[in-house]
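Naming: A, B, ... by sequence-line order, numbering from 1 per chain. Since the structure is predicted, the reported quantities are computational estimates derived from the model, not experimental observations.
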Amino acid sequence: MNMIKKIYDKLLKDYGPQGWWPLVEHPGSNPTKSGAIEGYHPGDYSLPTTDTQRFEICLGAILTQNTSWVTVEKSILNLYRINSLSISGIKKLSDGKLREMIKPAGYYNQKARYIKEFIVFFEKLDGKVPSREELLSVTGIGPETADSMLLYAFKQPHFVVDAYTKRIFIKIGLIDKKANYDEIKKLFEDNLDKDYKVYQEYHALIVEHAKRYYLKKTNYGKCPLLKLIKK
DNA sequence: AACCAGGACGTGA
DNA sequence: TCACGTCATGGT
């Protein structure tokens with residue numbers, strides 16, 4: 001009964017709180033030291049606390065589209081080092097310079113455009129929380145990016161569905177191969193408390209779990225959730 | 001050396 | 001609505 005919740009409990013028990021979304025600067029981090037590995041803040045659901053941090057999360061959400069997070073970290077640190085990890089900082093950059101900084105994350109031409117367009121949208125918010133529809137109206141923001149922003153930057157209870165989520169839950173038989181984004185999103189939201197902290201943790205745990213068992217197809221069979229399902 | 005990474009857009013059926 | 005090509009660097 002409620003496998004969705006049961007799986008969440010198991011993943012949290014096995015892996016512990018993940019501390020998403022990583023932020024270069026937060027109490028306890030040390031960004032000058034090296035990477036943003038220290039950007040994670042497990043158990044602290046108070047972040048982000050500033051508009052600059054909110055923007056950093058939104059920026060990361062765009063940069064990580066179909067791209068590994070390590071290359072996104074490089075891009076974000078590139079901006080950080082030239083003191084441009086902020087709206088005002090990016091606005092000062094030429095288009096070419098912005099493209100150069102985010103190059104490691106790939107698709108740098110379109111992502112640079114997406115970022116510039118998002119900045120206009122973000123400034124118009126003037127501190128307000130955007131609706132999902134408003135976010136989706138911005139070029140470059142699709143369902144997953146919108147939900148990532150809502151969930152991690154604005155602490156709104158929107159479940160984030162990514163490629164890993166589909167892969168895992170198709171494998172264990174809880175969703176159909178042809179289920180679309182909104183159907184999968186609804187499955188999770190219908191079976192969990194409407195709590196942004198739970199949604200944040202669950203999505204992060206799914207990514208962690210996928211990195212352990214779902215990078216290579218030959219490993220799918222080792223997924224411990226397969227046994228959990230059969231009971 | 002393919003394959004894929006914390007997807008979205010534009011196009012044409 | 002939905003399948004398909006495109007965008008691009010970098011890690012495994």
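Per the geometry, CD1 belonging to A:I184 stands 14 Å off C1' belonging to B:dG7, to the nearest Å. When the C1' atom of B:dG7 is taken as reference, atom CG of A:N66 falls 5 Å away, rounded to whole Å. We find that NZ of A:K216 is positioned 13 Å from P of B:dC4, with the value rounded to whole Å. Rounded to a whole Å, the CG atom of A:N180 is 13 Å from the P atom of B:dA8.
For the ring pair (Phe, Tyr, Trp, His ring centres under 6.0 Å) test, residues two or more places apart in sequence or in another chain that qualify with A:H41 are A:H26. In this view, A:Y108 satisfies the side-chain hydrogen bond (donor to acceptor under 3.5 Å, both in side chains) rule with no residue, not counting sequence neighbours. For A:K166, there are no side-chain hydrogen bond (donor to acceptor under 3.5 Å, both in side chains) partners at least two apart in sequence or on another chain. Considering only residues two or more places apart in sequence or on other chains, A:F154 meets the ring pair (Phe, Tyr, Trp, His ring centres under 6.0 Å) condition with none of them. For A:Y199, the ring pair (Phe, Tyr, Trp, His ring centres under 6.0 Å) partners are A:F159, not counting sequence neighbours. Taking A:Y213 as the reference, A:H209 meet the ring pair (Phe, Tyr, Trp, His ring centres under 6.0 Å) condition, with sequence neighbours excluded. Take A:E189 and apply the salt bridge (charged side-chain N to carboxylate O under 4.0 Å, His left out) test, not counting sequence neighbours, and it matches A:K185.
For DNA chain C, the residues of residues 93-124 of chain A within the heavy-atom distance limit of 4.0 Å (strictly under) are A:K103, A:P104, A:G106, A:Y107, A:Y108, A:N109, A:Q110, sorted by number. Residues from residues 140-159 of chain A placing a heavy atom under 4.0 Å of any atom in DNA chain C do not occur.
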Counting only pairs under 3.5 Å, give me each side-chain donor-acceptor contact of residues 218-226 of chain A, with atom names and distances, residues two or more places apart or in other chains.
residue: A:N219; atom: OD1; partner: A:K222; partner atom: NZ; Å: 3.3

Pairs of donor and acceptor atoms involving the side chains of residues 111-121 of chain A, under 3.5 Å and at least two apart or interchain, shall be tabulated with distances.
residue: A:K111; atom: NZ; partner: A:L63; partner atom: O; Å: 2.7
residue: A:K111; atom: NZ; partner: A:Q65; partner atom: O; Å: 3.3
residue: A:K111; atom: NZ; partner: A:T67; partner atom: OG1; Å: 2.9
residue: A:K111; atom: NZ; partner: A:A105; partner atom: O; Å: 3.2
residue: A:K116; atom: NZ; partner: A:L93; partner atom: O; Å: 3.4
residue: A:E117; atom: OE2; partner: A:T139; partner atom: N; Å: 3.4
residue: A:E117; atom: OE2; partner: A:T139; partner atom: OG1; Å: 3.4

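Of all nucleotides in DNA chain C, those with any atom nearer than 4.0 Å to a heavy atom of chain A start and finish, going 5' to 3', at C:dC7 to C:dG11.
Note: A:Y45 and A:Y152 fail the aromatic proximity criterion, with ring centroids not under 6.0 Å apart.
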